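Here is the structure we will look at.
Computed from a prediction, not measured in an experiment: that's the story for all the values here. Within every chain, numbering begins at 1; the chains are lettered A, B, ... in the order of the sequence lines, protein sequences first and strands thereafter.
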Protein chains: 2
Amino acid sequence: MKIDPSTPADLSQQIAKAIRDAIISGALPVDERLPSEAELADQFSVSRPTVREALKRLAAQSLIRTQRGATGGAFVNRLRFEDAYGQQITTSTLLLSMNDVSFATACEARYALERACAPLSATRRSADHLATMRAEIHRQGQPGLTDEAFCASDVAFHRALVDAAGNPVLSYQLAGAVEAMQPLMNMITFTARSREMIIGLHGDIADAITAQDAGKADAHLAELASYTQQLAQDVIAKRDAQRGA
Amino acid sequence: MKIDPSTPADLSQQIAKAIRDAIISGALPVDERLPSEAELADQFSVSRPTVREALKRLAAQSLIRTQRGATGGAFVNRLRFEDAYGQQITTSTLLLSMNDVSFATACEARYALERACAPLSATRRSADHLATMRAEIHRQGQPGLTDEAFCASDVAFHRALVDAAGNPVLSYQLAGAVEAMQPLMNMITFTARSREMIIGLHGDIADAITAQDAGKADAHLAELASYTQQLAQDVIAKRDAQRGA
DNA sequence: AGACGTTTAATTGTCTGACAAATGAAAATT
DNA sequence: AATTTTCATTTGTCAGACAATTAAACGTCT
């Protein structure tokens, strides 16, 4: 494991890259213990603080975990889907907020991805996923629910729909898209009527998944997508009208 | 910006979290300069190395960038889609390799997501994207191409297909799924006949996208998906047979 | 001999102080 | 006025030290 001596600055970045590459290539297998900080400092001919900065970079990506004590040290971490969810959601949220991604674009992506899951969910749905979906639909109908709570339940419903596909790769990819949308969805004020409409469509989707009818599920998801877009357009139109006045 | 004094260990992690939350919440806007390391050390009542470890964690996530010199310091970084691609691909690759995700599962996810893009790509495809797809198809037909190069071209073809949807959120999400598949795809040895078959299907897909025929594009993608699964199963069957012998 | 407390060595977490390198701004010079 | 020089600020790096933690080795008592 060597570092590039051509660019003298940012030693910790170079060391982090060297170790990261070793992990990705498989040279350092999961649960392998890295040399101690002092040994790494010797190997790379740098000081311990510099090594530590490199290790913190890797820890931020969940590539290693550290443990104190006699048998402690830094260990190659098995990256689990659950661990990656959080980072994925953070990154997606920032991407949307920092790049002025329109509601329409984010919404389009989200529903396109969800519709990709629907046929698989219809085939594989378990009783557990169906129960979660029904429970969230029921919650959405409770009076006195804030818009934020309604949105959170909406996210939970869609998460269950995606998880029903039984494919962790899909669940991981969609977690970012669905959760990152929530701040944007929160901008919409849901009237009693629009909530009723959404809850109805959720029911239709749940029914179709229960009946393992992929076509119907897809059709109702398409309806929900266009209705959501419609709601957002109304909000934007109202806001613009107020600005003009 | 405060840190939780209940858990004394891992100060750098707590400080990183505090700053990260400030960025996500928007309290620290893009291009805002953070206080100098010395000032942060004062504010959080820790030493400078601890602050530096926290900053390196954030730098690893591309949340900040640092600059030396008189007017230097740490600045909140605008997270761009291009920057996020790399992290997404790294994470996806490790998730697949470290969690024993089967070829079938990864393949299913990838084609499900791609089929979600197809209707949008058929509508919005530009001449540029079509040209890229045709160019990659041509390259795939060149004699003497290694399996790795064939796979790389395959990835490029599918990237163009996804990018044609004109939705950066979709492109970002799919980048991980498609690129992370490549190491798995590389395990397949492509015979002359299977390459011909794949190139033919790529041609069909490109034709359908050119003709803006979403239905046909979806049908050919489904064909390609099942053919790829078939190839993988053959490889696995052969390997198992050899082991038994 | 076996169970239980104690010591000890290894390792990470944190601090202090220092110097080098980069960099833009201010001051001095032409 | 333009250019060069100086300088203050800030990050990058180093050396050494001590505290906190942890498991293994050791010793002691039953």
For [Y], is there any backbone N or O sitting under 3.5 Å from a side-chain donor or acceptor partner on [X]?
{"X": "A:N167", "Y": "A:V169", "answer": "yes"}
{"X": "A:R124", "Y": "A:A165", "answer": "yes"}
{"X": "A:D83", "Y": "A:L79", "answer": "no"}
{"X": "A:R20", "Y": "A:L58", "answer": "no"}
{"X": "A:S153", "Y": "A:E136", "answer": "yes"}
{"X": "A:R33", "Y": "A:G72", "answer": "yes"}

(message) Whether B:T66 contacts D:dG12 is assessed here as follows: a side-chain N or O lying under 4.0 Å from the phosphate OP1 or OP2. Is that the case?
(response) yes
(message) With a cut-off of less than 4.0 Å, is there a side-chain N or O of B:S36 near OP1 or OP2 of D:dT9?
(response) no
(message) B:L94 vs A:L63, test: side-chain contact (heavy atoms from CB on, under 4.5 Å). Steps then yes/no.
(response) CA-CA 9 Å; B:L94 285 172; A:L63 292 184; 3.2 Å; yes
Rounded to the nearest Å, what distance is computed from the [atom1] atom of residue [X] to the [atom2] atom of nucleotide [N]?
{"X": "A:E53", "N": "D:dT11", "atom1": "CD", "atom2": "P", "result": "12 Å"}
{"X": "A:R33", "N": "D:dA23", "atom1": "CZ", "atom2": "P", "result": "13 Å"}
{"X": "A:D10", "N": "D:dC14", "atom1": "CG", "atom2": "P", "result": "12 Å"}
{"X": "B:Q13", "N": "C:dT12", "atom1": "CD", "atom2": "P", "result": "16 Å"}
{"X": "B:E39", "N": "D:dT11", "atom1": "CD", "atom2": "P", "result": "9 Å"}
{"X": "B:R52", "N": "C:dT14", "atom1": "CZ", "atom2": "P", "result": "16 Å"}

(request) Only one of A:K56, A:R52, A:R57 passes side-chain hydrogen bond (donor to acceptor under 3.5 Å, both in side chains) with B:E53; say which it is. (result) A:R52
(message) I need the residues from residues 55-65 of chain A with at least one non-hydrogen atom less than 4.0 Å from DNA chain D; give them sorted by number, or say none.
(response) none
(request) Using the closest heavy atom to pick a nucleotide of DNA chain D for each, name whichever of B:A38 or B:P49 lands nearer the 5' end. (result) B:A38
(message) Between the side chains of B:R65 and B:D31, is the shortest nitrogen-to-carboxylate-oxygen separation below 4.0 Å, so that they form an ion pair?
(response) yes
(request) Measure from the side chain of A:S47, starting at C-beta and using heavy atoms only, and say which of C:dT11, D:dT10, D:dC14 lies closest. (result) D:dC14
(request) Could you check which of D:dT11, C:dT11, D:dT13 has an atom nearest any side-chain atom of B:E37? (result) D:dT11
(request) Kindly assign one of parallel, tilted or perpendicular to the pair B:Y111 and B:H158, based on the angle between their ring planes and the thresholds 30° and 60°. (result) perpendicular
(message) Rounding to 10°, can you tell me the angle the first-five-pair axis of the helix from C:dA1-D:dT30 to C:dT30-D:dA1 makes with its last-five-pair axis?
(response) 10°
(message) Under 4.0 Å, heavy atom to any atom of DNA chain C: which of residues 67-79 of chain B qualify?
(response) B:R68, B:G69, B:A70, B:T71
(request) Give the minimum heavy-atom separation between A:Q229 and A:C107, together with the two atoms involved. (result) NE2-CB, 3.7 Å
(message) Other residues, nucleotides and ligands only: do more than 12 of their heavy atoms fall within 6.0 Å of CZ on B:R134?
(response) yes
(request) Indicate, yes or no, whether a donor-acceptor pair under 3.5 Å links the base of D:dG12 to the side chain of B:R48. (result) yes
